[in-house]
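Written out below as C-alpha cells is the structure these notes cover.
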Amino acid sequence: MNDMTDLEFLPLGGTGEIGMNLNLYRQGESWLAVDCGIGFSGNDTPEAEILLPDPVFIAERRKALVGLVITHAHEDHLGAVAHLWPQLGCPVYATPFAAAVLRRKLGEAQLLQQVPIHTIPPGGAFRVGDFDLSFIPVTHSVPEAQALVLRTPQGIVVHTGDWKFDPEPQVGPPTDIAAFEALGREGVLAMVCDSTNVRTEGPSASEADVRREITKLIATLEGRVAVTCFASNVARVETIAKAARAANRVVAVVGRSLRNLEVAARECGYLADIPPFLSEQEANSVPDNQLLLIVTGSQGEPRSALSRIAVDTHPNISLGEGDNVIYSSRMIPGNEQAVIQVQDNLTRRGINVITDRDHLVHVSGHATGGDVRRLYEMVRPKYLVPVHGEWRHLTANAAIAQELDIAPVLLEDGDILSMKESAFEVVDTAPTGRLVLDGGRLLQMNGGVLSARRRMLFNGIVLGSFAVDEEGYLIGDPKVSAPGLLDAEDPETARVTEEFGNALDEIPDELRENDVTFRDAAKTALRRALGRKLQKRPLVDVHLLRV
Ligand SMILES: [Zn+2]
C-alpha cells in the first residue's frame with residue numbers, strides 16, 4: 001500500500017527533441033494526468049507524421065487514474081487525447097476554449113459521446129478525486145492557457161504549462177501575477193516549469209509590438225498578401241485580421257485547421273469584432289489589392305495549403321509575381337528543411353517572402369530566461385523540475401533556478417520522482433516509448449511492423465516462395481522476387497532463384513517435417529543465396545506451401 005500522503009511526478013513525454021507532453025502525478029493511491037499531446041516527426045522518422053507517447057504505464061493503472069487535466073489547446077498538449085483516451089478512460093478537465101477544440105477532435109474520432117469533459121473556467125478551482133486543484137491564467141500563444149496548482153499533503157506544486165509574461169497579450173488577460181505572488185507568500189514546494197525558450201535572454205517581446213509592426217507592414221504591400229501562422233494563435237489571427245482591415249483588405253482563410261480553430265474561437269466569444277472570414281472559394285472574387293489570405297502551412301507540412309500554393313497545385317488559391325507571403329511564425333526545430341523548401345518554391349515564382357528576420361512579425365509564446373527568473377523570484381519554490389524542452393533547455397532552466405537558491409531536479413521521460421519536502425529523488429523508472437499514427441492504427445515506433453518497414457525502405461525485401469509435398473520435398477521450381485532491390489529481368493534474380501533452389505535441396509530431412517523449422521531453414525537458405533554481392537541486408541521472408 002502506498003502512503004496516502006505520498007507525492008510523485010512522472011513525465012512520460014516532453015523531455016527531448018519531440019515534445020509530446022504527458023505528465024503524471026500520484027498522490028496516495030490516485031493518479032492524475034496533465035496534458036496528453038502529440039509530436040510531429042522530424043527527418044529521422046520519415047514514415048511517421050504524428051508521434052504519441054506510449055501510455056502503457058498509466059493504461060495499466062487506469063482504475064487509479066482519476067482524471068486528465070488539459071492546460072491549453074495546443075496539439076503538443078491535447079492532440080493525443082482522441083487517440084489515447086480509449087486506453088485512459090478517465091474524465092477530462094479543460095477550459096471552455098480547450099474543451100471546444102477537444103470536442104471537435106473527439107467528434108472526428110467518434111468518441112464525443114464517451115468522453116466526459118468537465119469545463120473549468122480560467123482561474124477556477126476544482127477537485128479531481130483526492131486532488132485539490134486550481135488554474136492560474138497565463139499568457140501563451142493560444143487563448144485560456146492555464147498553470148495548474150496542486151495543493152497536496154506534501155505542499156503546493158505549481159505546474160506552469162506553457163506560459164510567458166506579456167503585459168499586452170491582445171487576446172485574454174495577462175499572466176495573473178497576483179495569484180503567483182500569493183502562492184509565493186503561502187510557500188511553494190515545487191514548480192514544474194516550461195523550458196522551451198529560456199535560452200533567450202531578457203523579457204519577452206509583446207504581441208502588441210507584433211500587432212503594430214504587422215499593421216505597418218501590410219499597409220505598404222501591393223498585390224495579394226498571404227500570412228501563415230498557427231491556427232490556434234487566436235491573438236495572432238486577430239492581429240492579422242485587424243491589420244488587414246486597416247489596409248482595406250478583407251480576410252479569407254485557407255486550410256482546414258484554420259477553419260476549425262476559427263469556429264472554436266468564435267464559439268467561445270473570441271474574434272467577436274472581426275467580420276466572418278471568407279472561404280477560399282469566395283476569395284477569388286476579391287481584387288488582389290483588397291484581399292488578405294490567412295493560410296496554414298507555416299511548418300512546411302507537405303499537404304498544407306501553403307505548400308500546395310508554393311508549387312501552384314492548390315485547387316482554389318494561386319499566388320504569383322509580386323504577391324507576398326508573410327511567415328508570422330517560427331520554424332519548429334526539425335522542420336527547417338521543409339519550410340525552406342516551401343519558401344524557395346515561392347521565391348522561384350516571384351513571390352515576396354517575409355519572415356521574422358525581416359520584420360517583427362512573430363514573438364514566441366514561451367517564457368524567456370528573463371520571464372522565468374521573474375516568476376521564480378515571485379513564487380520562490382523550494383524545488384524546480386524543468387520540463388518541455390531539449391536537454392540544453394532543461395539545463396539552462398535549471399541554471400537560472402540554481403542562481404536563485406532553488407534546487408533543480410532534472411528528469412528523463414520515465415523517471416518517477418518522489419516529492420518530499422526533505423528530498424526530491426528518482427525512486428523508479430516507468431516504461432516509455434513512442435507510438436506512431438500509421439493510417440488509422442497506433443504502432444510502436446520500435447515495434448516489428450515499423451522496423452520491418454524501415455528495413456525495406458533502405459534495403460528492400462526478398463521473398464522466396466516454394467511448394468513441397470507432405471514429406472517436405474520440393475515440387476516445381478521456387479520463385480524469388482525482390483521488389484525495391486532487384487528487377488525481375490535482372491540476371492541476379494535468376495542466379496539467386498537457382499541458388500535458393502539448390503540450398504533448399506540441401507536442407508536436412510529432420511527440419512522438413514515441421515513448418516516452423518523448415519521455414520527458418522529456408523530463410524537462411526535464401527539469405528545465403530543472396531550472398532554479399534549486393535552489399536545489402538534486405539528483409540527476407542519465405543512462403544512455404546505444403547500441398
Ligand atoms: Zn503551447
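Both counts, for ligands and for their atoms, begin at 1 and track the order of listing. If you read the sequence from its start, that first residue is 1, and numbering goes on from there. Note that these values count all heavy atoms, side chains included, but never hydrogens, waters or copies made by symmetry. Bear in mind that the values here come from a model prediction, so they are computed numbers and not experimental data.
Centred on the Zn ion (ligand 1), the ND1 atom of H74 and the OD2 atom of D162 lie at an angle of 170°, reported to 10°.
Aromatic rings of F9 and F424 (six-membered ring for Trp) have centroids beyond the 6.0 Å cut-off, not under it.
Restricting H140 to its N, O or S atoms, the one at the least distance from the Zn ion (ligand 1) is NE2.
Residue contact annotation: H72 places an N/O/S atom under 2.8 Å from the Zn ion (ligand 1).
With no hydrogens or angles considered, no side-chain donor-acceptor pair links Q299 and Y327 at under 3.5 Å. A donor-acceptor contact under 3.5 angstrom links the side chains of H74 and H140, judged on distance only. Judged purely by distance below 3.5 Å, without hydrogens or angles, the side chains of H77 and N21 pair a donor atom with an acceptor atom.
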